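None of the values given here were measured: they were computed from a predicted structure. Below, read A as the first sequence line, B as the second, and so on, with proteins coming before strands; counting in each chain starts at 1.
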Number of protein chains: 2
Amino acid sequence: MNDVLSVIETCPLLEGLPGPAKLTLAEQARNRAYGAGEIIYPPGALQSSLCIIAHGRVRICASNIAGREAILAILDVGAWFGDTVFSPGMPRVFGATAHEDCQVFEIQGEVLRATLRDNPEAYPVALDQVSRRLWSAMSVIQDDVLRGTEARIGRRLLFLAQMHNHSGQDGNVAVSFALTRELLANMMGMTRQGVHRVLKNIEAQGLIEFAYGRVTISDPERLSQYVDRLD
Amino acid sequence: MNDVLSVIETCPLLEGLPGPAKLTLAEQARNRAYGAGEIIYPPGALQSSLCIIAHGRVRICASNIAGREAILAILDVGAWFGDTVFSPGMPRVFGATAHEDCQVFEIQGEVLRATLRDNPEAYPVALDQVSRRLWSAMSVIQDDVLRGTEARIGRRLLFLAQMHNHSGQDGNVAVSFALTRELLANMMGMTRQGVHRVLKNIEAQGLIEFAYGRVTISDPERLSQYVDRLD
DNA sequence: TACTGACTGTCAATTTGTTTACACTTGGCC
DNA sequence: GGCCAAGTGTAAACAAATTGACAGTCAGTA
């Protein structure tokens, strides 16, 4: 998963492109490396380019005047970010920061858009993928506005578990993954202490366990049911 | 703005389609009328179709077990909803309800997708529009997670003012529009009383005035500056 | 003009989450 | 093995928003 072509080849967003077009994109992509914590672009940036992660993880985040950070997502190898490419002129809403040392391929907006124009059969997939991101965003909004902290955290945990569970197995198999309370707090727009209290409450129901930097969902199916009963 | 063709012709999402394709779509569109409060589709619905408003206004909303309603947006004539058409199989996140008596043209997902495939020059515009919706959704998320109620409400008021201000004039001209506190509360995921307190506070700064079912932004430019200084 | 339903203002009690402060683990590294 | 930074648990004081309760206002209609 490290050279340009294989990364571009497996990126879901570009799945619809024919081989030769992917090759051309690969040739025009810019290879960039970032150290942990380095800013790839800040919120509000006006550039129009698509980034695909070749190595490491990237944090999509923003912060307010008071210095509080909000993390929208932490993306892994193979994921893309910078969907504003499709609306040139719009500033980026969230910024992107290297969550750890990482390597990113950057495709200029004009290059990408031209490639798609020349290979229109790739549009349906791209449209589908962007539309799915919109779907996810709407789910987040719904959760934020409609649900209490416990339901929100529960749902987020289930979502993260799903992300980590590429293996496809689902249901009542325990899922364990690395996640600090601090990170989760930033994802939820809460404080570390607030998250802690909620987490302890969910643990008391026997639905999760948590250790240093790690959360384990004992029975995802049951957690899901529990969460659905909350408002 | 009432017959099928003119509605489809002016819908931003379909702007890229050539005339004849629009005509074909118009012929295949289903004309539906809804009484105020009637459900067009509920949250979670699995159907895949695109709706364009020909008359009246539509509320995009969801509600939790406790009965609280969250309003994502209230769309006006000419607007479209149901972006999940581009990701068939995904359930709708929010539902759609007739906010007042209204008339809606519904285009089946398969029809729309086939039309786009046959007229690929329309894709860039569609992709741009969906991407803009994603942009808006991300802005909402950022506001929800990062900002306090006062900043959130201020920003939302400015956004609503912009919606109502097709005239293009901007800056320090007062903008007035119909909006009940109750509606605003549902939009913000707050209570009527909570909104009231915040609104009174903003009013105390001389930035807005409000009357029965109506809000007036005295000086949008100044409100914008005020809001930006808050976290 | 009186009636009515939707909308509104206000306030105390209560819930909920943040702030502040401090002591304690954990795991990697020299 | 000991050091240290990052992560964690806990709790009281505090801030902010919801709840619940009630009286008042507005605009349209009979």
Side-chain angles (χ1 to χ4, degrees), chain A residues 36-37 57 59 63-71 74 99-101 143-154 156 176-204 208-216 230-231, chain B residues 36-37 57 59 63-71 74 99-101 143-154 156 176-204 208-216 230-231:
Chain A
R57 285 187 303 166
R59 193 165 67 217
S63 52
N64 66 6
I65 300 177
R68 185 150 109 189
E69 192 182 33
I71 299 178
I74 293 184
H99 191 60
E100 43 201 47
D101 287 359
D143 283 4
D144 281 356
V145 175
L146 233 41
R147 296 181 210 281
T149 50
E150 195 169 356
R152 285 226 311 282
I153 289 187
R156 181 64 65 114
S176 176
F177 50 94
L179 177 69
T180 68
R181 324 271 182 286
E182 206 145 23
L183 202 55
L184 184 56
N186 283 333
M187 286 178 155
M188 306 305 300
M190 298 174 62
T191 58
R192 179 174 63 80
Q193 295 91 324
V195 167
H196 173 68
R197 193 159 33 74
V198 174
L199 240 36
K200 265 194 70 169
N201 192 21
I202 302 183
E203 185 195 33
I208 62 169
E209 292 162 51
F210 51 101
Y212 185 84
R214 172 160 295 274
V215 176
T216 305
L230 303 170
D231 63 331
Chain B
R57 287 187 301 166
R59 195 164 68 216
S63 52
N64 65 6
I65 300 176
R68 186 150 110 189
E69 192 182 32
I71 299 178
I74 294 183
H99 192 60
E100 43 201 46
D101 287 359
D143 284 4
D144 280 358
V145 175
L146 234 41
R147 294 180 211 284
T149 50
E150 194 168 359
R152 286 225 313 279
I153 289 185
R156 181 63 66 112
S176 177
F177 51 93
L179 176 71
T180 68
R181 319 274 181 285
E182 206 146 20
L183 203 55
L184 184 56
N186 284 333
M187 285 178 158
M188 306 304 300
M190 298 174 61
T191 59
R192 181 173 60 79
Q193 294 93 321
V195 167
H196 173 67
R197 192 165 31 77
V198 174
L199 241 35
K200 265 195 71 170
N201 193 21
I202 302 182
E203 184 194 33
I208 62 169
E209 294 162 48
F210 51 101
Y212 185 86
R214 173 160 293 275
V215 175
T216 305
L230 303 171
D231 65 331

When rounded to whole Å, the CG to P distance for the pair B:Leu179 and C:dT8 reads 8 Å
* Asked: Just wondering, do B:Arg147 and B:Leu230 contact through their side chains at under 4.5 Å, heavy atoms?
  -> no
So which protein nitrogen or oxygen atoms get under 3.5 Å of nucleotides 23-30 of chain D's nitrogens or oxygens?
none

Atom CD of A:Glu203 and atom P of D:dG9 are separated, to the nearest Å, by 9 Å
Tested for side-chain contact (heavy atoms from CB on, under 4.5 Å) against B:Ile208, the lone hit among B:Thr216, B:Ile153, B:Leu199 is B:Leu199
From CG of B:Leu230 across to P of D:dA16 the rounded distance in Å is 12 Å
Rounded to whole Å, CG of B:Leu183 lies from C1' of C:dC7 at a distance of 12 Å
* Would you tell me if any nitrogen or oxygen in the side chain of B:Thr149 comes within less than 4.0 Å of OP1 or OP2 on D:dA17? => yes
Contact check, residues 185-198 of chain A vs DNA chain D, heavy-atom distance under 4.0 Å, returns A:Arg192, A:Gln193, A:His196
If you define the side chain from C-beta out and look only at heavy atoms, does anything of A:His99 sit under 4.5 Å from A:Leu183?
yes
- Task: May I ask you to decide if A:Ala70's main-chain N or O and A:Asn186's side chain share a donor-acceptor pair within less than 3.5 Å?
- Result: no
From CG of B:Asn201 across to C1' of D:dA17 the rounded distance in Å is 14 Å
note: A:His99, atom NE2; D:dA6, atom C1'; distance rounded to Å ~ 13 Å
Taking for B:Gly213 and for A:Gly148 the nucleotide of DNA chain C with the nearest heavy atom, the one nearer the 5' end belongs to B:Gly213
When rounded to whole Å, the CD to P distance for the pair A:Glu182 and C:dT18 reads 14 Å
The reported gap from CD in B:Glu182 to CD in B:Gln193 (rounded to nearest 0.5 angstrom) is 9.0 Å
**OP:** Verify, without hydrogens or angle tests, whether A:Asp231 (side chain) and B:Asn64 (backbone) share a donor-acceptor contact under 3.5 angstrom.
**Re:** no
> Is there a side-chain contact between A:Met187 and A:Ile74, using heavy atoms and a 4.5 Å cut-off?
Replying inline: yes
Rounded to whole Å, CZ of B:Phe210 lies from C1' of C:dT10 at a distance of 13 Å
Practice problem: Could you check if a side-chain atom of B:Thr149 sits within less than 4.5 angstrom of a side-chain atom of B:Met188, using non-hydrogen atoms only? | Solution: no
The salt bridge (Lys or Arg N to Asp or Glu O under 4.0 Å) partners of A:Arg152 (sequence neighbours excluded) come to A:Asp144
B:Arg181 side chain N/O closer than 4.0 Å to the phosphate oxygens (OP1, OP2) of C:dG9?
yes
